[in-house]
Amino acid sequence: MPALRQSVEELALVETARKVLPAGHFGNAQTEIIIREGRAGRVWDMSGNEYVDFLLGSGPMFVGHCHPDVVAATQAQIPKGTTFFVNNEHGIRLAEEIVKAVPCAEKVRFNSSGTEADLYAMRVARAFRKREKILKFEGGYHGMSDYSLMSLAPRRPGNFPVPVPDSAGIPRAVTEQVMIAPFNDAATAESMIAAHQDELAGVIVEPFQRLLPPKPGFLQALRAATQRYGIPLIFDEVVTGFRFAYGGAQDYYGVVPDLCSLGKIIGGGFPLAAVAGRADIMAHFDKALVGDDGFLMQIGTLSGNPVAAAAGLATLEVLRRPGAYEGVFATGRALMEGIAEQIRKAGLPAQVVGEPVLFDVIYTNTPVQNYRDTLRADANLQKHFNQHLRANGVLKGESKFYMSLAHTEADVAHTLKAFAAAIEALAQSPALAK
Ligand SMILES: Cc1ncc(COP(=O)(O)O)c(C=O)c1O
């Protein structure tokens, strides 16, 4: 593997990080490189190494780093003030745009992270339904709240519907408030919803769970079963919102939930997220409509922050331009197909899973439709490929290629070359190349 050149300054800062940050990092990813800057579809580390960037800040930078219109919008706001707590024009206009674009969104409440958006989506469902239990899917990611950390990534999955907490520090009582179902299994979800209809406050699902597309009919079945009993269906669109289509995954897959959470793209690279949905459910954020008992208090110092909202609005404006989605889908498709072709030729036990704007290789050739299927993947092979890609100038998350509008044919060609180098290196790693 070609070694990455690391400067004395970068190595020293890595050392400082080890001293002052638990585990030496912000909690999100490893320590060994420090990103200095990004432009369009590329980033540079402190030592000057250049990478094609498929991490995209974990997804927000869908139009690329430092898009000139997003930079201009934020630069226009900053000298006028960066936060006011009360309403500002950009925040109101962003809410208006979300209502126009997202099918389920009649009202929008901002906060600062996807974790919060999901937490409030579940809470407002409870306030509306006057019930307590939430049904979620094993392997579904809804941020870091106590509820969301139920069976997010259990190493030893339990028996459905009993949840497994994925973190220390979660009160045991929370396990009694969450039920777990297998993703992509409509019959099981339907029968759990029917059996527990009188206890359920809501059903939360990533319409595209991590990398796994919904099987045809799965989301429709959830929609029908929840509608039958008046249980709010929540789509977590923190990742898919404005990415799979301008109207999000609910538009892309043609199934409209009652509530959704949004984040990442709508903040244009700044901290901003939202819960959005049906007016009668969102009414619980308005004391004048629901009175003291039904009211859900929700306050956040930076909610609807004007710089973040300006960046989000400018990002959405770029996405409304003709050809925006066709372009990024075409680039993503070219990379997906190029990698799949190499896998086929090399006879690798692996497959490309996902949609052209968000996918990755899963290192098993058995079908992958739910969380338990993903556990069959070869983690060492995944590590090998990710390390080789990084060493060959490709930055990605552990299990995701996020595509951006800024990625080019040259970026795809560079990445395919890096992937080929990783395949070639496999021959020198007999323990891996089983
Ligand atoms: C589907 C999904 N929901 C929620 C979140 C949490 O968002 P945040 O990291 O902004 O709290 C994430 C983060 O990646 C996510 O992928």
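In each ligand, atom 1 is the first atom listed, and ligand 1 is the first ligand listed.
Residue Glu206 approaches ligand 1 through these ligand atoms, each under 4.0 Å from one of its heavy atoms: 1 (C). Listed by number with element, the atoms of ligand 1 under 4.0 Å from a non-hydrogen atom of Gly143 are 4 (C), 5 (C), 6 (C).
Put simply, the side chain of Leu395 does not reach to within 4.5 Å of the side chain of Asp45, judged on heavy atoms. With a 4.5 Å cut-off on side-chain heavy atoms, Lys133 and Arg131 do not count as touching. Using a 4.5 Å heavy-atom threshold, the side chains of Thr83 and Phe85 count as separate.
The closest protein non-hydrogen atom to atom 4 (C) of ligand 1 is Asp118 OD2, 3.2 Å. Among all non-hydrogen protein atoms, the one lying nearest atom 8 (P) of ligand 1 is Gly114 N, 3.4 Å. When hydrogens are left out, the protein atom nearest atom 14 (O) of ligand 1 is Lys264 NZ, 2.7 Å; that is the closest non-hydrogen contact. Annotation: atom 15 (C) of ligand 1 to nearest protein heavy atom, Tyr141 CD2, 3.3 Å. Looking at atom 3 (N) of ligand 1, its nearest protein heavy atom turns out to be Asp236 OD2, 2.7 Å.
Phe218 and Phe137 have their aromatic ring centers within a separation under 6.0 angstrom.
On a distance-only criterion, Thr115 and ligand 1 share at least one N/O pair closer than 3.5 Å.
No option in Arg372, Arg210, Arg156 other than Arg372 meets the salt bridge (Lys or Arg N to Asp or Glu O under 4.0 Å) test with Glu138.
In this structure, Arg210 has a heavy atom closer than 4.0 Å to ligand 1. In this structure, Met144 does not count as a contact residue of ligand 1, since none of its heavy atoms falls inside 4.0 Å of the ligand.
Take Glu89 and apply the salt bridge (Lys or Arg N to Asp or Glu O under 4.0 Å) test, not counting sequence neighbours, and it matches Arg93.
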All N/O donor-acceptor pairs, side-chain side in residues 60-73, below 3.5 Å, sequence neighbours left out:
| residue | atom | partner | partner atom | Å |
| --- | --- | --- | --- | --- |
| His65 | NE2 | Asp53 | OD2 | 2.6 |
| His67 | ND1 | Asp69 | N | 3.1 |
| Asp69 | OD2 | Arg321 | NH2 | 2.5 |

